[in-house]
Each structure stands twice: as C-alpha cells, then as structure tokens.
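The chain is numbered in sequence order, starting from 1. Keep in mind it's a predicted model, so treat the numbers as computed, not measured.
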Amino acid sequence: MEITDLKDKRRISGISTGCLALIVCIAIVIADQILKIWIKTNFYLGEDLEITPWFHLKFIENNGMAFGLELWNKLFLTFGRIIAVILFIWFIVKIKDLPGLRKGFIVAMAMITAGAAGNIFDCIFYGEIFNDPMPPQIAQMFPAEGGYSSWFEGRVVDMFYFPFFDFYWPDWMPLVGGRYFEFFAYIFNVADASICVGVALLIFFYSKDVTVAFRSIGEKEENKDTKSPKNKK
C-alpha cells in the first residue's frame, strides 16, 4: 500500500491525526486555564479544601518547574518553555502523517506539548492580570491598581494535592530518624499532570513509535541533503 493510501485511510477511519493533536492540545490548555483562574479567584493563597482525606484542592503558587520545583532563573524557565513548545509542535507537524505511527503516540505528544504550553500562560500573563493580596483576601482579575508583577514574571498556579499518608521515621533510623515524611507531598496542576501522563504513555506504550518517528525524520533530513544542489555537484 502506498503512503498516500495510508494517509487517506488514517483520515477516513476517523479524525485526521493533525486535527486530533490540535483538539487534545486546545482541550487541555483550556481546562488547565479555567481551573487555574477559578482557583485564583475563589481561593486565598494557601487555602486547603479537603475533598476526601487523600484528595485536596490546595492553592499555592510557584516560580519554577512542575510540582513546585525551583531550579533556574524565572525568565530562563519561561523562554525555555516557549522554545520547548515550539520544538514539540514542529515535531508533531513532521510526524503526524507518517505511516506506522499509532494515534495514541500523537495524543501522548500532544499532551506533553499542551502541558508545557499551559504553564506558559501563567508565566507570561498572570503577573499583569492578577493582584496579589494578603490571605485571606482573594486575588482579583484585572485590578484597577494593576498586577503583582510584569510580563513573563507571573507565578504558576497549582492546586491538586494528594496526601495519601504520612508518618515520622523512627528515631533509630539513620539520617532520617525522627523526621516527618509525607507521601505524596507535591502539589500540581492539570498542565503538570498532562506532561507526566504523556511521558508515561511514551515510556510504557509507545517507545517503538518514538524510534520510528526519529528514524523517519532523520531519513527525511538525509534525503534533503542528498538532493541539495551542493551534493549534486
């Protein structure tokens, strides 16, 4: 079967792969931003709403990476995310019609892309469009006095908190004796979860697709080089 026939089959059997990736990205980014804005405008910073003993909505903000990690300069992180999203989009456009790739692989790539993009909006816009009142006051959107920071200096909103269990290590334990331990202590958002699920799908279900995709892109680049006027000479 020719490649064009495979492409047509992928479209006839359902939605095109490119459209599927776009829908997944848009849906995740919208869901992420809706929940963040709702949390930001209905919770004061640090407020903790217990849904179940092991699932809370807890409003925190962070300047860094996923799960509240802070490793690098803020502007460096923001522009790094933007570059990463551009590269992911380029990759999806390159591979979306390749034969032999499963749609689940494209969905996983779209989830990672959308997750990276979701936190970009916080970094770029939130410092300008929200104020930063002292708890228990709640933040306002588009306050008259202006936002709490400048463009690209906004903080990422997190809210999902799963305190499954906690305990104190026995005093006789070396290094950690007497210390408090909580599992799972990280607080995250929809964008973070989307990245983690997308990466997990790639590792456990679509590792072969990753190999096929990179090999195909490499072969395309080699073919371009061999067809270039310089090589023909």
Side-chain angles (χ1 to χ4, degrees), residues 17-37 40 60-98 101 103-130 147-158 160 186-203 206-207 209-225:
T17 309
C19 287
L20 178 62
L22 182 62
I23 290 171
V24 170
C25 284
I26 292 174
I28 291 173
V29 169
I30 290 176
D32 179 62
Q33 288 301 308
I34 287 176
L35 183 56
K36 285 175 176 175
I37 292 171
K40 185 81 172 165
I60 67 166
E61 294 179 310
N62 71 81
N63 291 316
M65 302 176 69
F67 300 104
L69 301 175
E70 298 190 18
L71 302 178
W72 295 297
N73 175 271
K74 177 67 179 179
L75 287 177
F76 178 83
L77 275 173
T78 301
F79 285 105
R81 286 191 184 108
I82 293 172
I83 292 171
V85 169
I86 292 172
L87 290 175
F88 279 124
I89 292 173
W90 172 85
F91 183 73
I92 291 173
V93 170
K94 282 282 188 180
I95 67 171
K96 64 183 179 66
D97 291 322
L98 288 178
L101 292 181
K103 284 188 175 181
F105 170 67
I106 304 297
V107 170
M109 290 302 305
M111 292 180 70
I112 297 171
T113 305
N119 286 332
I120 288 174
F121 287 95
D122 302 36
C123 297
I124 295 177
F125 301 110
Y126 280 22
E128 282 284 341
I129 67 176
F130 289 107
Y148 65 81
S149 186
S150 57
W151 301 108
F152 295 95
E153 292 284 350
R155 297 190 294 267
V156 176
V157 174
D158 292 326
F160 293 134
Y186 295 108
I187 302 174
F188 58 98
N189 55 44
V190 172
D192 298 334
S194 180
I195 293 173
C196 291
V197 172
V199 171
L201 289 173
L202 294 183
I203 293 172
Y206 299 108
S207 57
D209 298 78
V210 174
T211 304
V212 171
F214 278 105
R215 184 188 300 129
S216 299
I217 291 177
E219 290 174 353
K220 282 185 177 181
E221 294 301 321
E222 288 180 5
N223 291 335
K224 284 182 181 180
D225 291 338

Q. Got a donor-acceptor contact below 3.5 angstrom from the Thr113 side chain to the Val85 backbone?
A. no

Q: Give the ring-plane orientation class for Phe105 versus Tyr206, where under 30° counts as parallel, over 60° as perpendicular and anything between as tilted.
A: tilted

Q | Contact summary for Ser194 and Gly115, nearest pair of heavy atoms | A | OG-N, 4.0 Å

Q: Name all pairs fulfilling the salt bridge (charged side-chain N to carboxylate O under 4.0 Å, His left out) condition that reach into residues 110-119, sequence neighbours left out, sorted by first residue then second.
A: none

Q: Output all residues satisfying side chain to side chain contact (heavy atoms under 4.5 Å, CB included) with Phe214, sequence neighbours left out; order by chain, then residue number.
A: Phe91, Val210

(Q) Suppose we screen for side chain to side chain contact (heavy atoms under 4.5 Å, CB included). Which residues come up paired with Val212, at least two apart in sequence or across chains? (A) Leu101, Arg215, Ser216

Q) Which residue, Asp32, Leu35, Val157, forms the side-chain contact (heavy atoms from CB on, under 4.5 Å) with Asn189? A) Asp32

Q.
So Asp209 and Leu202, do their side chains get closer than 4.5 Å, heavy atoms only?
A. no

Below 3.5 Å, can you tabulate the donor-acceptor pairs from side chains in residues 18-28 to any protein atom, sequence neighbours excluded?
none

Q. Which pairs count as salt bridge (charged side-chain N to carboxylate O under 4.0 Å, His left out) when at least one residue sits in residues 19-30, sequence neighbours excluded?
A. none

**Q.** Partner residues of Phe160 under the ring-ring contact (aromatic ring centres under 6.0 Å, His included) criterion, sequence neighbours left out
**A.** Phe188

Q: Compare all side-chain heavy atoms of Val156 with those of Asp192 and state whether any distance is below 4.5 angstrom.
A: no

Q: Could you tell me which residues satisfy side chain to side chain contact (heavy atoms under 4.5 Å, CB included) with Val93, sequence neighbours excluded, listed by chain and number?
A: Ile89

(Q) Going by the rule ring-ring contact (aromatic ring centres under 6.0 Å, His included), which residues pair with Phe88 if we only count those two or more places apart in sequence or in a different chain? (A) none

Q) From Ser149 OG over to Ile129 CD1, what is the distance, rounded to the nearest 0.5 angstrom? A) 12.5 Å

**Q.** For Asp122, all residues meeting side chain to side chain donor-acceptor pair (under 3.5 Å), sequence neighbours excluded
**A.** Gln33, Lys36

Q. Who passes side chain to side chain contact (heavy atoms under 4.5 Å, CB included) against Tyr148, sequence neighbours left out?
A. Lys40, Glu61, Tyr126, Phe130, Asp132, Arg155

(Q) My understanding is that only residues two or more places apart in sequence, or in another chain, count here; which of them pass side chain to side chain donor-acceptor pair (under 3.5 Å) with Glu153? (A) none

Q: Please report the shortest heavy-atom distance between Gly118 and Ala191, naming the atom on each side.
A: CA-CB, 4.2 Å

Q: Using the salt bridge (charged side-chain N to carboxylate O under 4.0 Å, His left out) rule, collect all pairs that involve residues 110-119, keeping only residues at least two apart or in two chains.
A: none

Q. At what distance, to the nearest 0.5 angstrom, does CD1 of Ile187 lie from CD1 of Ile60?
A. 4.0 Å

Q: With rounding to the nearest 0.5 Å, note down the distance linking CD1 in Ile195 to CG in Asn119.
A: 6.0 Å

